[in-house]
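The structure under discussion appears below in the form of structure tokens.
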Amino acid sequence: MGRGQPLTIRVPGDKSITQRALILGGLADGESRIRCILRGADPLATGRALRALGVEIVGIGGPGDEEVRIRGRGLRDWQEPEEALDLCNSGTGARLLAGALAAQPLTAVLKGDASLSGRPMRRVAEPLTRMGAAVDYLERDGHLPMRVTGGALSPLRHESAAASAQVKSAVLLAGVGAGVVVEVREPRRSRDHSERMLEAMGAGVVEGRVDGSWSVRIPSPPDRLEPLDMEVPGDFSSAAFVVAWAVLAGRRAPLTVRGVGLNGTRTGLLPVLARMGAEVGVTGRGTAGGEHTGDLRVAARAARLKAVEVGGDEIPGMIDEVPILAVLAARAEGVTRITGAAELRVKESDRLAALATNLRRVGVAAEELPDGLEIEGTQRPLSGFVRSFHDHRIAMAFGVLSATPGCDVPVDAPSVTEVSFPGFWELLGQLKDGGAGGGGGRVGASSAGGRGDRGDAGAGGCLVVAIDGSAGSGKSTTAVAVASRLGFRHLDSGAIYRAVTLQLLESGRSGALESVTPEELSDLAIDVRWRAGRMKVWCGGRAVPEEALRTERVTAMVSQVAAVPAVRAHLLELQRSAARGPGLVAEGRDMGTVVFPRADVKVFLDAHPEERARRRLLQRGIRPQASEIKAETARLTRRDRLDASRTIAPLLRAGDAELLDTTDLDPAAQTEAIVRRIRAVRGGRS
Ligand code: DC
């Protein structure tokens, strides 16, 4: 299993810092330049909201490490948005924007997905209304969707009941935006990224302990914020999953996670790991954008973990790490007790309930406390299907467990990890196999086993481009255009699955489609041929007409057929054999992950669900009205969930695939972005 080699990896940029850089960049006076941002679903949602408020952002949907430029509009010049701002799953985006909007002379509605709409907003709305903003809940009291009307505000000293960085940041942003003095007192110090960034932008922040609380004050709000020029450090919370995996897997050589943000309000897990007996050190210390950074190094050898007691002041500094701590505790000797963590009940899920449920499900004795957990560690093999509860950190914590020796714990809805750690599953797979090549925005500038050799990408120097993505993301149009621009072949893998479905439907066979055997599949004699780069599917020696592949009957059944393992296995070699000639543009759902894992260029297209719905309707010749868009969005989101959560070849972004957000791109711009990428790679190869 190749555990004998030292490994060095990187994790995607810090989510909290990325979100703040986008929002504060939008309030700055001039252009901010941010490198290494997290290109996860949460920051992309915040970016879309800022654009709707008139803030110009360049490069956010672009590939890999491209610099993002934010043209700030100054403190009080955002534009009134035409539609509700959809923050999807992002609590930070919604709450910090509420604060910033309170100072803008306009009205905006903030909304989110079902999970975000279940999270409390009153804690943010209440101080903002005391400052003079108007906040109305449009559906359910205290929850999104929520309308914020901002303007001139009064100064405020706010005593926050919870140690919440989002509440604190919202009030600070309102104060700075409106140019009034604000002070927030919190029971314990929460993460201070906003304070550091405001300082870096020229707003003086005074902080310290006052009457047993932690006080943060902006005594003289500035007239303007300087633009930012910074690199976002790797996310400590993402690194924590990799570190925990290395501790549990017991590698025979050290593993290093490079360039991680080490803000003292975030690294509370490190002393806890030390108490458990894990050897995790920090080397290569530095700073980036006012934040401390360093490399986390997990020593070789399997540590025998001991149970710990964690609570009180320790919790805010490791609030996001409690899920992974719970998993570590499940493999430690003795009973771990976590208290003072009631805040976890109002995160992306009720994390305390989710952790206890999942731990018990795989065979660990776990008790839920009102504000924490009691977990009895065990060395027994663990197995059982666990639920993510649509919470990225729950999914990743159990993903780590699933990748450790002696555990078999498949996780549902793996794609939820995209909000903070794109490429998580691929990285985990590579770590498990002993190498670390791809994974996530910045994962993978690594050691042995890394990408670089093209291996079996294509025969005889054929350059392979893998384009994956969800329905309506613009895949087909773009793939055809890219292939035609470069004179490459186009592989439409969806059409092949459709052809199999059509033949099975027409064969008059009895029995469920799922029970199809390899022999029956061979009998269908499915083949693909090309004329002038255009692919045609052939069955039993005859070309299948294009229209026959796109009937409602085939469309209704194809997902089911595509989920049959025998079908996928049967079509694998056929698809791979397409990689001949100068180049191939392979389009589908698993091109970059399964069919061509060593493709030269991997792109994953995505777009906002409403935009994808609009495109689908247009494709079908329906003029997209609001009600139809809503219904189609719901259908698409349901299908995405199914495609992403199926255990057989789920729709997942390969760790080393570049995410291209096509929401605001037309087909020509999408094609251009990919062609440029291919030319760069081709240039590098020749
Ligand atoms: O891209 P399309 O709509 O023509 O795809 C048809 C179906 O086939 C769709 O439900 C997803 C499935 N499919 C798949 O599972 N794997 C692929 N590589 C391509 C398509």
Side-chain angles (χ1 to χ4, degrees), residues 414-415 464-483 489-505 513-514 516 521 524 526 528 534-537 544-579 584-597 599 602-607 609 612-613 615-620 632 635-654 657 662 667:
S415 65
V464 177
V465 181
I467 302 186
D468 291 299
S470 39
S473 59
K475 254 184 351 267
S476 300
T477 323
T478 312
V480 170
V482 169
R489 278 183 174 180
H490 170 230
L491 174 73
D492 177 357
S493 57
I496 308 179
Y497 285 100
R498 286 171 180 272
V500 171
T501 309
L502 174 69
Q503 296 306 310
L504 291 177
L505 287 171
L513 292 177
E514 290 90 295
V516 63
L521 288 165
L524 299 179
I526 303 277
V528 279
R534 293 298 290 234
M535 188 193 97
K536 274 239 161 264
V537 194
V544 186
E546 184 65 23
E547 321 76 71
L549 297 178
R550 309 212 171 258
T551 60
E552 261 178 45
R553 195 161 72 118
V554 170
T555 302
M557 294 307 295
V558 60
S559 287
Q560 231 169 302
V561 172
V564 178
V567 173
R568 299 206 84 87
H570 182 76
L571 296 180
L572 194 58
E573 277 318 308
L574 178 65
Q575 295 174 79
R576 286 188 176 156
S577 69
L584 174 76
V585 179
E587 166 216 333
R589 306 296 193 283
D590 60 347
M591 296 299 105
T593 47
V594 178
V595 181
F596 298 108
K602 293 186 189 178
V603 186
F604 190 92
L605 299 189
D606 205 356
R612 293 196 280 122
R615 293 177 190 168
R616 301 289 290 202
L617 292 170
L618 282 174
Q619 247 170 24
R620 278 188 250 139
E632 184 63 21
R635 269 196 295 275
L636 273 180
T637 324
R638 221 176 12 249
R639 205 170 111 184
D640 286 351
R641 255 206 309 272
L642 278 179
D643 279 352
S645 61
R646 69 182 185 204
T647 40
I648 308 299
L651 170 65
L652 277 181
R653 173 181 162 201
T662 66

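By convention here, the first residue in the shown sequence is residue 1. All ligand and atom numbering here is 1-based and tracks the order in the structure.
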Taking distance alone, with N or O pairs closer than 3.5 Å, would you say K475 contacts ligand 1?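 No, there is no polar N/O contact under 3.5 Å.
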Hey, is ligand 1 close enough to D590 that some N/O pair sits below 3.5 Å?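 There is such a contact, yes.
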Where is the tightest heavy-atom contact between R550 and D492, given as atom of each residue plus distance? NH2-OD2, 3.4 Å
Is it the case that the side chains of R615 and T477 hold a donor-acceptor pair, with the cut-off being a distance below 3.5 Å and no angle test? no
Is the closest side-chain donor-acceptor distance between T555 and R498 under 3.5 Å? yes
Which of the numbered atoms in ligand 1 are below 4.0 angstrom from a heavy atom of [X]?
{"X": "A562", "answer": "12 (C), 15 (O)"}
{"X": "M591", "answer": "18 (N)"}
{"X": "R589", "answer": "1 (O), 2 (P), 3 (O), 5 (O), 9 (C), 11 (C), 13 (N), 14 (C), 16 (N), 17 (C), 18 (N), 19 (C), 20 (C)"}
{"X": "R568", "answer": "14 (C), 15 (O), 16 (N), 17 (C), 18 (N)"}

Output all residues satisfying salt bridge (Lys or Arg N to Asp or Glu O under 4.0 Å) with E514, sequence neighbours left out; order by chain, then residue number. none
Between R653 and D606, is there a salt bridge with N-O shorter than 4.0 Å? no
Have a look at ligand 1 and work out which part of E587, if any, has a heavy atom under 4.0 Å from it: side chain, backbone, both or neither.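 It is neither part, as no heavy atom is under 4.0 Å.
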Among A471, G472, G494, G469, closest by heavy atom to atom 5 (O) of ligand 1 is G494
Looking only at atom types and distance, does a side-chain atom of R568 sit under 3.5 Å from a main-chain N or O of A562, one as donor and one as acceptor?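 Yes, R568 side chain to A562 backbone: donor-acceptor pair under 3.5 Å.
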